[in-house]
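This report refers to the structure that appears directly beneath it.
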Amino acid sequence: MATYTIAIVGAGPAGYFAAQALQNLQNEELTFAIDVIERLPTPWGLVRSGVAPDHPKIKTVSKVFEKIATAGNLRLFGNVELGRDVNLEDLKSKYDAVVIATGTSIGRKLGIAGEGMPGSLSAAEFVPWYNAHPDFKNLEIPLDCDTAIVIGAGNVAMDVARMLALNPDELDPTDTATHAIAALKKSQIRKVYICARRGSENASFTSPELRELPKLEHTNVIMHKEDIDEAILAAGDEPEKDVKNNLDAMRAIAEADPTHHERTLEFLFHHVPKEILGSDRVSEIVFSTPTGEKKIPAGLVITAIGYEALPLEGLPYEKGKVLNADGHVSENVYVVGWAKRGPSGVIGTNKSDAAVVMQLLAASLKEPKNSGDINDLLAAHPVITQTHWEAINQAEVSQGEPLGKPRIKFADRDELIEIAGL
Ligand code: NAP
């Protein structure tokens with residue numbers, strides 16, 4: 001019987017599904033001792049910091065992660081950052097294999113004038129802000145204007161626009177960061193545009209998310225019928241199933257009776273962003289449209305146009321991803337999830353993807369030779385173990401429960417470490 005030591009870097013969906021795939025490969029001859037290394041004091045990655053708080057069902061996958069975490073052969077090393085507390089060379093020499101599952105945390109840029117101005121930010125900042133990610137808790141989001149523009153036609157743009165356009169009282173029973181609920185309750189924003197650069201037949205929204213929009217109780221949702229009619233024509237007689245489902249959902253929105261709430265979410269298609277204008281902060285966005293140039297006044301613009309991986313020392317990158325061949329990077333290093341494939345697919349996509357890469361990893365293993373012991377590197381460092389995390393988890397759930405929330409998240413790194421008892 002052989003036991004191999006594996007380091008997985010990143011405790012998000014891709015990391016946990018990689019661990020699960022390794023657990024599933026175990027038999028009487030083969031076992032794995034898995035260490036999951038995570039830079040935050042909390043695990044679950046995008047399930048904690050990315051999924052919209054008004055979508056609690058999607059977060060139930062965290063129960064699967066906890067099952068994987070407590071299966072017996074996995075140790076959590078939270079609050080340990082690759083490149084700061086340990087480096088890749090350490091991991092390569094101390095483990096039989098290293099799996100990178102660090103995702104794509106940087107928002108893609110439009111590359112247009114004015115993008116760096118106050119009032120212009122990326123979903124890669126706004127989303128972790130409302131989800132209580134410690135690195136973003138102090139972000140100042142200018143919500144003192146009446147109009148916000150979200151650029152992009154994917155599910156992240158939809159999440160961001162919905163969070164800005166819903167009545168913030170609807171967030172009370174959610175685990176939205178306390179600072180974000182307070183700020184959104186003071187928000188002056190009453191009009192949110194989602195601007196897509198192509199027609200609705202090319203939008204990347206998925207139909208369940210579109211079908212949910214009319215259920216917003218305090219927001220007018222506007223799609224223009226002529227946009228959808230034009231898209232139905234452009235999609236032809238036999239559109240792909242996903243496109244047809246999307247267009248059906250969009251047509252239902254476009255044809256619904258108008259509502260008269262204080263807040264409005266409006267979809268604009270064929271709006272290509274050209275420039276962000278303003279003197280000391282964003283005041284207008286210039287678009288090119290089929291009928292010519294159009295300026296829309298807005299005090300906040302959020303881009304949701306995809307993500308790139310944050311480069312880590314020792315790893316090769318290409319086009320915002322870790323350069324890899326079917327998940328193999330080099331020597332005993334592998335990559336899974338969005339760091340491997342780029343930012344596409346739902347949480348479950350990472351399960352099948354990680355399973356294939358872990359088979360490749362297992363097939364390449366020779367004699368086990370590395371101890372998997374990194375404690376000497378972390379002697380003076382506060383490491384969040386699974387037991388510590390369970391204390392944090394319990395504390396968050398306990399303070400949420402009396403208020404009818406699934407949890408109230410601690411957003412401060414030092415506070416998280418203190419709650420853990422370190
Ligand atoms: P996405 O689905 O790839 O959408 C990105 C959008 O940005 C596209 O509409 C794209 O338009 C647009 N875009 C790219 N570059 C642009 C530019 N320079 N100017 C204007 N628009 C530009 O990405 P995402 O929304 O970040 O989502 C990532 C993945 O997570 C997706 O698979 C998504 O379904 C998933 N997700 C799922 C959920 C859920 O299930 N509820 C929630 C959030 C995210 P073009 O098509 O024209 O390039």
Side-chain angles (χ1 to χ4, degrees), residues 12-14 45-61 103-115 120-128 130-131 149-163 174 193-213 215-216 227 231 234-235 240 242-243 245-246 249-250 267-276 285-289 294 296 301-309 319-321 337-353:
L46 270 192
V47 169
R48 183 175 167 99
S49 306
V51 173
D54 62 337
H55 281 163
K57 266 196 206 149
I58 300 182
K59 299 189 192 210
T60 55
V61 70
T104 52
S105 57
I106 308 288
R108 270 197 201 125
K109 293 261 181 279
L110 285 169
I112 61 173
E115 202 173 8
S120 159
L121 60 149
S122 161
E125 300 163 283
F126 184 62
V127 172
Y130 64 60
N131 276 326
I149 290 180
V150 180
I151 293 177
N155 284 335
V156 172
M158 180 98 89
D159 283 348
V160 165
R162 216 177 49 248
M163 286 297 287
T174 72
Y193 291 104
I194 292 197
C195 295
R197 64 177 168 179
R198 297 194 284 161
S200 53
E201 73 281 16
N202 293 307
S204 300
F205 311 125
T206 50
S207 52
E209 279 63 34
L210 286 164
R211 282 197 294 268
E212 217 181 54
L213 285 175
K215 295 180 199 150
L216 283 176
D227 282 345
E240 279 179 29
D242 289 348
V243 174
N245 288 343
N246 267 8
M250 292 198 229
F267 289 73
L268 300 175
F269 294 96
H270 295 294
H271 277 57
V272 181
K274 288 291 173 197
E275 192 176 354
I276 299 174
I285 323 297
V286 185
F287 292 95
S288 94
T289 76
K294 177 170 160 188
I296 304 181
V301 56
I302 302 185
T303 50
I305 58 168
Y307 296 86
E308 290 181 357
K319 294 186 181 154
K321 301 181 268 188
W338 282 9
K340 168 190 173 241
R341 316 188 299 280
S344 69
V346 292
I347 287 163
T349 314
N350 294 301
K351 185 171 171 161
S352 44
D353 184 65

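Counting convention: from 1, in listed order, for ligands and their atoms alike. From a predicted model like this one, the values you see are computed outputs, not experimental measurements.
By the criterion of a heavy-atom distance under 4.0 Å, the side chain of D159, and not its backbone, is placed next to ligand 1. Contacts between R108 and ligand 1 below 4.0 angstrom, taking non-hydrogen atoms only, are absent altogether. Contacts with ligand 1 closer than 4.0 Å are made by side-chain heavy atoms of I58 only, the backbone lying farther away. Neither the backbone nor the side chain of F287 comes within contact range of ligand 1; no heavy atom lies under 4.0 Å. In A304, the part holding a heavy atom less than 4.0 Å from any atom of ligand 1 is the backbone. Residue contacts with ligand 1, taken as heavy atom pairs separated by less than 4.0 Å, involve L110 solely via side-chain atoms from C-beta onward.
The heavy atom nearest to atom 31 (C) of ligand 1, out of those in A203, G154, G345, G348, is found in G345. Of the listed options K57, H271, R197, R197 places a heavy atom closest to atom 16 (C) of ligand 1.
With E115 contributing its side chain and L110 its backbone, the two residues share a donor-acceptor pair below 3.5 Å. A distance-only check finds no donor-acceptor pair linking the side chain of N246 to the backbone of E201 [under 3.5 Å]. Using modelled atom types, no side-chain atom of S49 and backbone atom of L46 make a donor-acceptor pair closer than 3.5 Å. Checking side-chain atoms of N245 against main-chain N and O of D242 turns up no donor-acceptor pair under 3.5 Å.
Of the protein's heavy atoms, none falls inside 4.0 Å of atom 3 (O) of ligand 1. Distance check on atom 23 (O) of ligand 1: every protein heavy atom falls at or beyond the 4.0 Å cut-off. Within a 4.0 Å radius of atom 10 (C) of ligand 1, the protein contributes no non-hydrogen atoms.
Between the NZ atom of K294 and the NE2 atom of H270 there is a distance of 12.0 Å, given to the nearest 0.5 Å. To the nearest 0.5 Å, atom NZ of residue K321 and atom NZ of residue K340 are 9.5 Å apart. A distance of 7.5 Å separates CD1 of I151 from CD1 of I305, quoted to the nearest 0.5 Å. The OG1 atom of T174 sits 9.0 Å away from atom CG of N131, with the distance rounded to the nearest 0.5 Å. Rounding to the nearest 0.5 Å gives a distance of 11.0 Å between OG of S120 and CD1 of I149. Here the CG atom belonging to D159 is positioned 5.0 Å from the OH atom belonging to Y130, to the nearest 0.5 angstrom.
Atoms of ligand 1 found under 4.0 Å from any heavy atom of A153, numbered from 1 in the order shown, are 6 (C), 8 (C), 9 (O). Close contacts between ligand 1 and P343 involve ligand atoms 28 (C), 29 (C) [criterion: under 4.0 Å to a heavy atom]. Contact atoms of ligand 1 toward R198: 45 (P), 46 (O), 47 (O) (distance under 4.0 Å to a heavy atom of the residue). The W338 neighbourhood of ligand 1 comprises atoms 28 (C), 29 (C), 30 (O), with distances under 4.0 Å to a heavy atom of that residue. Near V156, the atoms of ligand 1 lying under 4.0 angstrom from a non-hydrogen atom of the residue are 24 (P), 25 (O), 26 (O), 27 (O), 43 (C), 44 (C). Close contacts between ligand 1 and I305 involve ligand atoms 7 (O), 13 (N), 14 (C), 15 (N), 16 (C), 21 (N), 22 (C) [criterion: under 4.0 Å to a heavy atom].
A donor-acceptor contact closer than 3.5 angstrom is absent between the side chains of E209 and H55. For T206 and N155, the side-chain atoms include at least one donor-acceptor pair closer than 3.5 Å.
Among protein heavy atoms, the minimum distance from atom 40 (O) of ligand 1 is reached at E209 OE2, 3.6 Å. For atom 1 (P) of ligand 1, the closest heavy atom belonging to the protein is S204 CB, 4.2 Å. At the top of the distance list for atom 34 (O) of ligand 1, counting protein heavy atoms only, stands N155 ND2, 2.9 Å.
At least one heavy atom of Y307 sits less than 4.0 Å from an atom of ligand 1. Ligand 1 is never approached by T206 to a heavy-atom distance shorter than 4.0 Å.
Aromatic ring centres of Y193 and F287: separated by at least 6.0 Å.
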